[in-house]
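Each remark here refers to the structure printed beneath this line.
Sequence lines set the chain letters: A, B, ... in the order given, protein chains first and strands last, and positions in each chain run from 1. Just so you know, these numbers use all the heavy atoms, side chains as well, and skip hydrogens, waters and symmetry mates. Fair warning: this is a prediction, and the values are worked out from it, not measured in the lab.
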Amino acid sequence: MEKETRVRFAPSPTGFPHVGNMRTALFNWLFARHCGGKFVVRIEDTDQTRLVKGAVEAILDGLGWLGLDWDEGPGVGGPYGPYFQSQRLELYQEIADRLVRQGDAYYCYCSPERLAAMRAEQERLKLPPGYDRHCRNLDPEEEARYIAQGITPVVRMKVPTDGETTFHDLIRGNVTFKNATLDDFVLLKSDHYPTYHLANVVDDWSMKISHVLRAEEWLSSTPRHLLIYKALGFEPPEFAHLPMILGPDRSKLSKRHGAVSIIEYKEKGYLPQAMFNFLALLGWSVDDKTEVIPREDIINSFSLERVSKTAAIFNIEKLNWMNGVYVRQLSLDEFTKVALPFLEKGLSPQVGRPLDMSYVRRVLPLVQERAKLLSDIPELASFFFVDDLDYDVGLLLSGKNITLSQALKILEVSYRQLVELDDFSEESLEKVLRPLALALGLKTGDLFGLLRVAITGRTATPPLFKTMSVLGKDRCLKRIQRAIGNLESM
RNA sequence: GCCCCCAUCGUCUAGUGGCCCAGGACACCGGCCUUUCAAGCCGGUAACAGCGAUUCGAAUUCGCUUGGGGGCACCA
């Protein structure tokens, strides 16, 4: 029987879910779903000093938001748990002991101060930094002396000083490291927690992970992991190192590049479908032209062969465009559902709540094709809700062909015509206003432009008749009246 | 400094020796549509880092150079 495909996403809760991490999660998830394998989430909380409160929840929220469901892990359990490394300490300690007993690892009593001094010296001499193996071959007396001092040792891997470690990366091909360039890295810290290297190997093995898909930043620690697998006699998984996601300055994406947490994108009004699609295309492609592609199709066509080797810059412009595409694809019901929270939150407190839903449902279609982000919506729609339009009166005269007195006259005539109009539908309005332009000897654009400003306070809005029809006769007349007043007091 | 990875338009990418004086998308610039905006449509600017080698033929293979990135913690 073929070995089951099992992949994992193993975030450490030391911060919020970074888009780079989420892309890694996504690729793992896609790989599992494509192969009909399992997607495991494991929390790597072995650094007690850097734990961030709420980070686990935020990470899981991020996964949930993108629709990346996990088969084993926090909340769902599974046969290889626990899925928090802090709950598996004994396992790592046992393995570390075993490595020491076998002679593949050793206790190191060096103080942080000594290590720092050593590093400083190495830097001064322009030597590659790395542990100098001071404790690798301690004589028993010396070791006894350290123990007597009550020093809690760390456990270090006894890395072979010669030979090479080679592995086949599914994306990059064969990669070889000389063992001599590796130092004796720490396996178990003095607080008895494992380092990433140990915990990661032990867990990937004990959780029967078949493929490790992780970011390229891990490439150079892979030989260390392989050395541990070898010492333990474990068969290593397959490795695939995904290209990095970089900021616009080509450096590793970080907070100084702006929004970096997936949660921030959610809050700014990106749609998860759009983010999913966009992230899938960062480092992977279907063919030479497909951009917008449904989730199911991405799963079906996903393969590591089409993952690129080159680091990618996070191109927010393209994400924005793609989000707009997905926003426009939404049905009115769907759009209403996702837009409402943004409207509630972003509309001025002056606007009465709760919002009139039947009115909202008439406004929203006019906004939908103009919004790139859901957070654009309150601004795009505010004039539908606010009673007192706050605009620069000069805008009323922004049409270059109209003088103040003309504008006044036009508004007055328009007002008189509209008062008479009972049916305020788009068609009916058009039937009145187009002829009016002709009658006044105006270009339609000049008349409609003036009315637009009077009625909305803006020069760019959804189509005028639609807008007026949604606003209703009352509001439109009041606003025209008010515009007349504004002009008179100029 | 040492080790590893990478190298096609500004950006994301297609391209696995002839189909490529390099295709798509975003952005940008024109035009059309049009009551403004948006959307849509049409068109345009724009790239194989350099040098050698292999080959009848290289974006595609190899080498070197250059450039970029990542790693070198009792962090992950």
Listed nucleotide nearest any side-chain atom of [X], set [options]:
X        : options                : value
A:Lys252 : B:rU13, B:rG71, B:rA25 : B:rG71
A:Ser251 : B:rG70, B:rU8, B:rC75  : B:rG70
A:Val175 : B:rC5, B:rU8, B:rG71   : B:rC5
A:Arg250 : B:rG23, B:rU11, B:rA76 : B:rU11
A:Lys289 : B:rC74, B:rC5, B:rG23  : B:rG23
A:His197 : B:rU8, B:rA76, B:rA39  : B:rA76
A:Glu317 : B:rU11, B:rA27, B:rA73 : B:rA27
A:Ile313 : B:rA38, B:rG69, B:rU11 : B:rU11
A:Trp321 : B:rG71, B:rC26, B:rC6  : B:rC26
A:Glu291 : B:rC37, B:rA25, B:rU35 : B:rA25

(request) Name the residue closer to the 5' end of RNA chain B, choosing between A:Leu319 and A:Pro129 according to the nucleotide with the nearest heavy atom. (result) A:Pro129
(request) With RNA chain B as reference, determine whether A:Ile171 or A:Leu464 sits nearer its 5' end, using the nearest nucleotide of each. (result) A:Ile171
Look at all strands and tell whether [X] reaches a base, only sugar-phosphate, or nothing, counting heavy atoms closer than 4.0 Å.
X        : value
A:Pro11  : nothing
A:Cys108 : nothing
A:Thr459 : base
A:Phe465 : base
A:Val154 : base
A:Gly283 : sugar-phosphate
A:Lys126 : sugar-phosphate
A:Pro462 : base
A:Thr176 : sugar-phosphate
A:Glu216 : base

Would you tell me if any nitrogen or oxygen in the side chain of [X] comes within less than 4.0 Å of OP1 or OP2 on [N]?
X        : N      : value
A:Lys466 : B:rA38 : no
A:Lys372 : B:rA39 : yes
A:Arg370 : B:rA39 : no
A:Ser285 : B:rA14 : yes
A:Arg306 : B:rG15 : yes
A:Arg434 : B:rU35 : yes
A:Arg458 : B:rU35 : no
A:Thr46  : B:rA76 : yes

(request) Is it possible for you to check whether A:Arg458 lies under 6.0 Å from the centre of the six-membered ring of A:Phe383, through NZ or CZ, and within 45° of that ring's axis? (result) no
(message) Can you see whether A:Phe302 has A:Arg306 sitting over its ring - NZ or CZ less than 6.0 Å from the centre and within 45° of the normal?
(response) no
Expressed in angstrom and rounded to an integer, what is the separation of [X] atom [atom1] from [N] atom [atom2]?
X        : N      : atom1 : atom2 : answer
A:Asp47  : B:rA73 : CG    : P     : 15 Å
A:Asp288 : B:rU16 : CG    : P     : 10 Å
A:Arg119 : B:rG71 : CZ    : P     : 16 Å
A:Tyr196 : B:rC74 : OH    : P     : 17 Å
A:Asp287 : B:rC12 : CG    : P     : 18 Å
A:Tyr131 : B:rG71 : OH    : P     : 24 Å

(message) For the C1' atoms, the ones on B:rA59 and on B:rA14, what distance do you get once it is rounded to whole angstrom?
(response) 12 Å
Write down the partner of [N] under the Watson-Crick or G-U wobble criteria, each distance required to be under 3.5 Å.
N      : answer
B:rC26 : B:rG10
B:rC37 : none
B:rA53 : B:rU61

(message) Testing the 3.5 Å rule here: is there a donor-acceptor pair between the side chains of A:Asp45 and A:Ser86?
(response) yes
Side-chain donor/acceptor contact of [X] with base of [N] under 3.5 Å:
X        : N      : result
A:Lys318 : B:rC12 : yes
A:Ser190 : B:rC74 : yes
A:Arg172 : B:rC5  : no

(request) Write down the atom of A:Gly457, the atom of A:Leu395, and the distance for their closest heavy-atom approach. (result) O-CD2, 3.7 Å
(message) Looking at every heavy atom in both A:Ile245 and A:Gly20, which two are closest together, and how far apart are they?
(response) CD1-CA, 4.0 Å
(request) Using a strict cut-off of less than 4.0 Å between a Lys/Arg side-chain nitrogen and an Asp/Glu carboxylate oxygen, indicate whether A:Asp132 and A:Arg114 qualify as a salt bridge. (result) yes
(request) Please determine if A:Arg124 and A:Glu121 form a salt bridge, counting it only when a charged side-chain N lies under 4.0 Å from a carboxylate O. (result) yes
(request) Pick out which of A:Arg88, A:Glu90, A:Glu94 makes a side chain to side chain contact (heavy atoms under 4.5 Å, CB included) with A:Tyr92. (result) A:Arg88
(request) Compare all side-chain heavy atoms of A:Pro194 with those of A:Val202 and state whether any distance is below 4.5 angstrom. (result) no
